[in-house]
Amino acid sequence: MVLSEDPNQQPILFGLFLAVYLITVLGNLLIILAVSSDSRLHTPMYFFLSSLSFSDICFISTTVPKMIVAIQSQSRVISYVGCLTQMSVFLIFICMDDMLLTVMAYDRFMAICHPLQYHGIMSSHLCGFLVFVSFTFSLFLSQMHNVLALHFAYFKGVEIANFFCEPSQLLNLACFDTITKNLVMYFIAAIYGFLPLLGIFLSYYKIFSSVLRIPSSGEKYKAFSTCGSHLSVVCLFYGTATGIYIAPAVSNSRNSAVASLMYTVFTPMLNPFIYSLRNKDIKTALWRIQKRTR
């Protein structure tokens with residue numbers, strides 16, 4: 001499905017999504033460059049942030065380039081293998097975002113609630129292990145979806161009511177009964193939606209409880225300011241993605257494609273702006289990079 005059938009709007013859509021894609025890739029690459037080039041940013045929080053930026057680049061690259069080519073060529077066809085590949089890679093990196101946001105909440109919990117033990121616990125080995133576990137869980141979910149999608153044998157000539165091979169759309173096409181499909185979708189939503197969100201909620205509950213006991217208002221503001229960017233990204237990510245997977249009845253409408261745009265295209269684009277505009281360390285590191293290139 002395309003976003004518009006009007007030929008006059010195709011050049012506008014092409015330019016819009018090309019610009020969004022380039023801005024997203026450049027913004028996330030700048031964050032990775034800032035973190036890697038400034039030794040003061042070699043901390044667990046910024047390691048996870050650079051991992052999130054890398055995941056966002058891969059995340060948006062699974063859908064937008066194909067959509068740009070489709071708009072330019074006016075071709076809405078994708079092969080069976082290509083569709084499964086797109087879905088698999090998409091799931092890996094959207095789940096990576098999900099897991100990394102949870103890990104980042106845990107990192108903030110350790111930094112604020114256990115500052116003396118923070119550097120001892122959040123070692124480079126543990127940080128690397130948490131990212132590896134996030135990738136492993138994401139790969140497992142991707143393969144689970146692949147196994148379910150393979151139940152759909154008659155894939156040729158089927159129209160998907162979205163601009164890419166959206167997982168919930170393919171599950172609706174799978175050859176098993178509605179009850180089984182809904183059980184599978186709610187199970188996946190619980191494991192990869194509810195549990196990470198519960199982990200984030202518990203982390204911030206402990207953070208707010210600890211910060212409110214701090215007598216100094218300046219120290220309270222400093223503690224909360226380190227969480228503001230992460231909370232903004234969490235609200236943006238879950239606010240745009242939850243409805244697609246919790247309410248499969250909506251997933252066959254054109255509104256689903258518009259909703260999918262929010263979390264597949266605009267969320268990865270906005271993340272670098274949220275972290276750079278609200279983070280003094282990132283802005284300082286980017287300024288130093290700009291100064292060295294002059």
Mind checking whether L30 and L22 sit in one hydrophobic cluster, side chains of I, L, V, M, F, W, Y counted as touching below 4.5 Å? yes
Students often mix this up, so state it plainly: with edges at 30° and 60°, are the rings of Y205 and F201 parallel, tilted or perpendicular? parallel
Please tell me if the side chains of I60 and F17 come closer than 4.5 Å, counting only heavy atoms from C-beta onward. no
Interatomic distance, CG@L116 vs NE2@H114, rounded to 0.5 Å, equals 10.5 Å
Between T102 and I200 (side chain of the first, backbone of the second, donor and acceptor by atom type, cut-off under 3.5 Å), is there such a pair? no
Quick check: do Y238 and D98 have side-chain heavy atoms less than 4.5 Å from each other? yes
Can you tell if the side chain of F59 reaches within under 4.5 Å of the side chain of M96, non-hydrogen atoms only? no
For the backbone of T24 and the side chain of N28, can you confirm whether one donor and one acceptor N or O come within less than 3.5 Å of each other? yes
Short side-chain to backbone donor-acceptor contact, S142 and I92, under 3.5 Å: no
Determine whether a donor-acceptor pair (N or O, by modelled atom type, separation under 3.5 Å) exists between the side chain of S36 and the backbone of L33. yes
Do you know the tightest heavy-atom contact between Y204 and A105? CE1-CB, 4.1 Å
T267 vs D97 side-chain heavy atoms within contact, under 4.5 Å: no
Considering non-hydrogen atoms only, spot the tightest contact between S134 and V103 and give its length. OG-CG2, 4.0 Å
If you measure from CZ on R108 to CG on L231, what distance do you get to the nearest 0.5 Å? 11.5 Å
Under the side chain to side chain contact (heavy atoms under 4.5 Å, CB included) criterion, do C127 and F48 qualify, and how do the steps go? CA-CA 8 Å; C127 293; F48 294 132; 3.8 Å; yes
Separation between CZ (F237) and CG (L101), nearest 0.5 Å, reads 6.0 Å
Less than 4.5 Å apart, any side-chain heavy atom of L236 and any of N271? yes
So which heavy atom on M110 is nearest to which on I121, and how close? CE-CD1, 3.2 Å
Is the distance between the ring centroids of Y275 and H230 less than 6.0 Å? no
May I ask whether F14 and I12 are part of the same hydrophobic cluster, defined by side-chain heavy atoms of I, L, V, M, F, W, Y residues being less than 4.5 angstrom apart, directly or through others? no
Checking side chain to side chain contact (heavy atoms under 4.5 Å, CB included) for the pair I282/V35: CA distance, chi angles, key distance, verdict? CA-CA 8 Å; I282 292 289; V35 172; 4.2 Å; yes
Nearest-0.5 Å distance that lies between atom CE in M269 and atom CG in L26: 12.5 Å
Please check if L198 and L141 belong to a single hydrophobic cluster, counting links between Ile, Leu, Val, Met, Phe, Trp and Tyr side chain heavy atoms closer than 4.5 Å. yes
Search all heavy atoms of T62 against all heavy atoms of Q86 and return the closest pair with its distance. O-NE2, 3.0 Å
Interatomic spacing from CG in L29 to CG in D56 - rounded to 0.5 Å: 11.5 Å
Output, in order, the C-alpha distance, side-chain angles, deciding distance and verdict of side chain to side chain contact (heavy atoms under 4.5 Å, CB included) for R40 and D281. CA-CA 9 Å; R40 282 165 289 195; D281 294 332; over 6 Å; no
Contact check, side chains of Y21 and V265, non-hydrogen atoms, under 4.5 Å: no
Please give me the minimum heavy-atom distance between I289 and S37, naming the atom from each residue. CD1-OG, 3.5 Å
Do D38 and Y46 make a side-chain contact, defined as non-hydrogen atoms from C-beta onward lying under 4.5 Å apart? no
Going from SG on C227 to CD1 on I112, what distance comes out if it is rounded to the nearest 0.5 angstrom? 3.5 Å
Report yes if the side chains of H42 and F47 come closer than 4.5 Å at any heavy-atom pair, otherwise no. no
Is it true that a side-chain atom of S53 and a backbone atom of L49 form a donor plus acceptor pair closer than 3.5 Å? yes
